[in-house]
Amino acid sequence: MENVIGWYHSHPGYGCWLSGIDVSTQMLNQQFQEPFVAIVVDPVRTVSAGKVNLGAFRTYPKGFKPPNEGPSEYQSIPLHKIEDFGVHCKQYYPLDVSYFKSQLDHRLLDLLWNKYWVNTLSSNSLLTNGDYTTGQVLDLSEKLEQAEQRIGHGSGFSVVTDIEKKEETKLARATKDSSKLTIEAIHGLMSQVIKDRLFNQLRN
């Protein structure tokens with residue numbers, strides 16, 4: 001099995017993708033070290049969603065024009081990061097990611113669980129990620145306000161322009177962001193209710 005080399009960094013709260021600086025870093029290293037992989041982890045969304053939020057990427061060669069592919073898996077991008085994401089999203093491509101656990105990993109995780117299981121069970125993503133959730137709501141509010149301001153309010157048989165279609169697409173994305181945020185909040189509340197039922201009410 002080949003030893004794959006690369007680098008990793010985190011995008012706390014704004015998803016797994018490559019920024020302009022990330023693309024330049026990855027492109028430079030691919031020229032001198034192969035294979036070379038960029039890994040991005042979002043620890044904040046990992047806690048909020050209850051599953052690892054991780055992506056692996058490689059850049060296209062300089063001057064290469066990628067084919068027009070279908071839409072990849074949707075992910076919510078904060079408003080202040082959308083421009084950086086959009087400018088560079090065609091310069092790299094995602095890799096399939098799979099996980100494995102060695103015997104040493106298994107022993108280390110068991111040791112960590114034995115030491116921190118109380119903290120794990122007593123934690124709640126809504127409390128741990130309170131600032132992140134608040135930020136997501138504010139970001140969603142700004143996206144909806146922008147979409148509402150730019151979409152035409154004509155009636156009858158008005159002609160729909162390309163700009164209006166683009167804004168309607170933004171509105172659809174904001175709707176997906178809203179659904180994702182709602183689901184994560186419901187999961188956090190359900191987790192808290194179940195823990196309260198198991199550890200507080202049943203013993204009474």
Side-chain angles (χ1 to χ4, degrees), residues 4-31 33 35-62 64 66 69-101 105 109 112 120 123-144 146-147 169-170 172-188 191:
V4 177
I5 58 175
W7 65 297
Y8 70 93
H9 65 290
S10 64
H11 282 184
Y14 53 96
C16 297
W17 46 278
L18 297 186
S19 67
I21 295 175
D22 300 338
V23 168
S24 298
T25 302
Q26 176 64 21
M27 204 173 278
L28 179 65
N29 281 283
Q30 279 185 206
Q31 292 177 18
Q33 304 180 70
F36 201 84
V37 179
I39 294 175
V40 185
V41 183
D42 190 333
V44 176
R45 291 191 179 185
T46 292
V47 172
S48 184
K51 61 180 181 180
V52 177
N53 193 280
L54 179 149
F57 308 94
R58 279 176 57 82
T59 53
Y60 290 113
K62 216 167 196 178
F64 177 79
E69 300 173 343
S72 58
E73 184 181 353
Y74 177 77
Q75 62 172 321
S76 174
I77 309 295
L79 201 57
H80 67 285
K81 296 287 185 181
I82 285 180
E83 185 176 355
D84 192 22
F85 170 79
V87 168
H88 305 284
C89 65
K90 294 294 185 182
Q91 293 180 273
Y92 62 90
Y93 57 95
L95 303 173
D96 292 332
V97 177
S98 60
Y99 304 93
F100 69 92
K101 187 167 58 174
D105 293 332
L109 289 171
L112 289 170
T120 302
S123 66
N124 182 274
S125 60
L126 293 179
L127 300 177
T128 306
N129 273 7
D131 291 341
Y132 166 72
T133 304
T134 303
Q136 289 285 92
V137 172
L138 291 173
D139 183 71
L140 177 61
S141 175
E142 291 179 18
K143 288 177 180 176
L144 290 173
Q146 285 190 7
T169 302
K170 289 182 179 179
R173 289 173 180 168
T175 303
K176 289 183 179 180
D177 291 351
S178 175
S179 299
K180 172 180 170 293
L181 185 60
T182 302
I183 290 171
E184 289 178 357
I186 290 173
H187 285 174
S191 172

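The aromatic rings of H11 and Y14 lie parallel to each other, with less than 30° between the two planes, well short of the 60° mark. Taking the six-membered ring where the residue is Trp, Y93 and Y60 present tilted rings, their angle falling between 30° and 60°.
With a 4.5 Å cut-off on side-chain heavy atoms, S178 and T182 count as touching.
Taking OG of S179 as the start and CD1 of I183 as the end, the distance is 6.0 Å to the nearest 0.5 Å. K101 contributes atom NZ, which lies 5.5 Å from atom CG of L109 (distance to the nearest 0.5 angstrom). Remark: L54 CG to Y8 OH distance equals 11.5 Å, nearest 0.5 Å. Here the straight-line distance linking atom OG1 of T25 with atom CH2 of W7 works out to 4.5 Å at 0.5 Å rounding. In this structure, CG on L18 lies 11.5 Å from CZ on R58, to the nearest 0.5 angstrom. One distance of note links OG of S10 with CZ of R45; it measures 13.0 Å at 0.5 Å rounding.
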Test log, rule side chain to side chain contact (heavy atoms under 4.5 Å, CB included), inputs V40 and H9: CA-CA 5 Å; V40 185; H9 65 290; 3.6 Å; yes
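Residues A56 and V37 approach most closely at CB-CG1, 4.0 Å, considering heavy atoms.
Shown are Q31, H88, Q30; of these, the side chain to side chain donor-acceptor pair (under 3.5 Å) with T59 is made only by Q30. Of the candidates Y92, F57, F36, Q26 forms a side chain to side chain contact (heavy atoms under 4.5 Å, CB included) with just one, namely F36.
T46 places a side-chain N or O within 3.5 Å of a backbone atom of D42 that can act as its donor or acceptor partner.
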